[in-house]
Amino acid sequence: MDTKNSALATRCIHAGEMQDANGSPHTPIYTTTTFKFDSTADLLDVVEGRKPGSLYTRYGLNPTIRALEDKLASLEGAEAAWAFCSGMAAEVALFLTHGRKGIICIGEAYGGSMELLASQLPELGIPTYFVLANELKGLNTYLEQGAGLVFFETPTNPTMEVLDIAAISNTAHEYGALVAVDNTFASPVNQNPLELGADFVVHSATKYLGGHSDLTAGALMGSTHLLATVWPWRKNLGTTISPEIASQLMRSIRSLVVRVERQNATAKTVAEAMLKHPMVAGVRYPGLPGFSGHGVAKAQMKGFGGMLTLEIKGNYEDAVRVVDRLKLFAIAPSLGGVESLATMPVTTTHHGLSPVERAMHGITDSMIRLSIGLEDAADLIADLEQALG
Ligand code: PLP
């Protein structure tokens, strides 16, 4: 079905879906690893790219995976998308393909992305540079040195810093560099970086796209031209999504808009309630008018997301006591699922850093990061209040 002019909620359900001969309303799961041809000439047409077709599942040339990729591309208004077995697999393929001249990472990023950029890619001879979100001057310096890819998350994890996608993309493009945004925290419902000038969007589909904390997957969206060179890396790294997970992910994406809109509304209600709590020193949420990133967030986001970070009054032990008393929020890493989760960055994402490094990154001992699920807002606030009490 042509859904190009349809709204996102419609595209989430209908984009990419293939009709089968039995009238299944959704794309079936093709678990086969290979596909047969009527003749060698037909096989060569697919192998040599003259005709689209199914060939071998690790290549991604599988009907279920292709259907998912059409849906993923549609979510971000992209020409093309590749689906991976994890968010990290998507990042690795992107960095190895388009990051070889050097990668600049702006602001905070997920711990795994940071480890990859700070330790592993430099071991392969790929230069990486780090710029603090509030010191964007450094960006020009590294672009002048020839770095070819700028990578960042917005909002960032866990400080919820908001980076200006259009402004950073303009600067990077002036130097001929490409821009990749990890849009995991915002989700395609709240933010579409390609519309704002970015060249790639990366998702840990494990989070909002999957939405139920029951699958691991990743996605890379962009132009057909830029994604073409990523394809052989995914193929030979062997990090293509499986048809079973592709189907499960398509199932989840069908309800993405209702889930995220509800999470946006609940997070805002929780953030406002926490702002008034005497035990809370600060609430980091892009939807709060008093938050430093609110202006840029209002300009580039359609909703403010389901993630927020509390700074409680007290020290590390006090924050641990609060988290340990929570009953409805589970103490768990990850985010974007239907169940609400709470973590302290010092015990998870930023555990390995020294106190000085943490301070540099704006991470405090009393920070509690919340991923808001689909529970009732009043129940979540009551849980936080009893834990803070
Ligand atoms: N990007 C962000 C913002 C994340 O939070 C994560 C995982 O937590 C990743 C990327 C990596 O995704 P995955 O765990 O699916 O490999």
Side-chain angles (χ1 to χ4, degrees), residues 68 72 76 81-96 99 103 105-118 120-121 133 149 151-163 165 180-191 193 198 200-221 234 237-242 245-246 248-249 252-253 260 263 284 286 301 305-309 330-337 339 341-345 347-352 361 363 367 369-373:
L68 166 68
L72 289 170
E76 290 286 6
W82 301 139
F84 291 82
C85 63
S86 70
M88 287 314 299
E91 285 184 27
V92 168
L94 169 69
F95 294 156
L96 291 179
I103 304 165
C105 175
I106 308 177
E108 288 303 300
Y110 164 64
S113 312
M114 278 297 189
E115 189 182 6
L116 181 66
L117 289 163
Q120 294 172 286
L121 293 177
L149 184 67
F151 171 77
F152 59 95
E153 295 178 16
T154 181
T156 61
N157 178 15
T159 47
M160 306 304 297
E161 220 100 45
V162 181
L163 296 175
I165 299 172
V181 177
D182 183 333
N183 204 27
T184 301
F185 258 47
S187 94
V189 178
N190 290 327
Q191 182 171 274
F200 302 101
V201 173
V202 190
H203 277 280
S204 168
T206 314
K207 310 299 179 335
Y208 286 100
L209 300 184
H212 298 72
S213 307
D214 62 359
L215 65 84
T216 303
L220 177 67
M221 293 86 155
R234 180 187 68 166
L237 287 166
T239 50
T240 308
I241 197 168
S242 74
I245 299 293
Q248 205 178 334
L249 182 52
S252 294
I253 291 171
V260 171
Q263 283 162 311
R284 307 188 69 84
M301 298 181 82
M307 299 299 297
L308 60 122
T309 297
I331 306 173
S334 201
L335 59 117
E339 60 287 294
L341 305 176
T343 49
M344 289 173 60
T347 63
T348 52
T349 46
H350 294 73
H351 185 247
H361 291 269
I363 310 295
M367 266 184 178
R369 190 193 80 176
L370 303 177
S371 169
I372 300 296

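Atoms within a ligand are numbered from 1 in the order they appear, just like the ligands themselves.
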Checklist entry - Stepwise, does the side-chain contact (heavy atoms from CB on, under 4.5 Å) test hold for Leu72 with Leu209? => result CA-CA 9 Å; Leu72 289 170; Leu209 300 184; 4.0 Å; yes

Item to check | Side chains of Leu335 and Arg369 in contact at under 4.5 Å (non-hydrogen atoms) | outcome: yes

Checklist entry - Less than 6.0 Å separating the ring centroids of Phe185 and Tyr208? => result no

Checklist entry - So do Thr159 and His361 actually touch side chain to side chain, heavy atoms under 4.5 Å? => result no

Dump the pairs for me: ligand 1 N or O, protein N or O, distance under 3.5 Å, to 0.1 Å.
| unit_1 | atom_1 | unit_2 | atom_2 | d |
| --- | --- | --- | --- | --- |
| ligand 1 | 1 (N) | Asp182 | OD2 | 2.6 |
| ligand 1 | 8 (O) | Lys207 | NZ | 2.7 |
| ligand 1 | 12 (O) | Ser204 | OG | 2.9 |
| ligand 1 | 15 (O) | Gly87 | N | 2.9 |
| ligand 1 | 15 (O) | Ser204 | OG | 2.8 |
| ligand 1 | 15 (O) | Thr206 | OG1 | 2.6 |
| ligand 1 | 16 (O) | Gly87 | N | 3.1 |
| ligand 1 | 16 (O) | Met88 | N | 2.9 |

Checklist entry - Out of curiosity, Leu308 CG to Leu370 CG, how far, rounded to the nearest 0.5 Å? => result 5.0 Å

Checklist entry - Are side-chain N/O atoms of Glu339 and His212 paired as donor and acceptor at under 3.5 Å? => result no

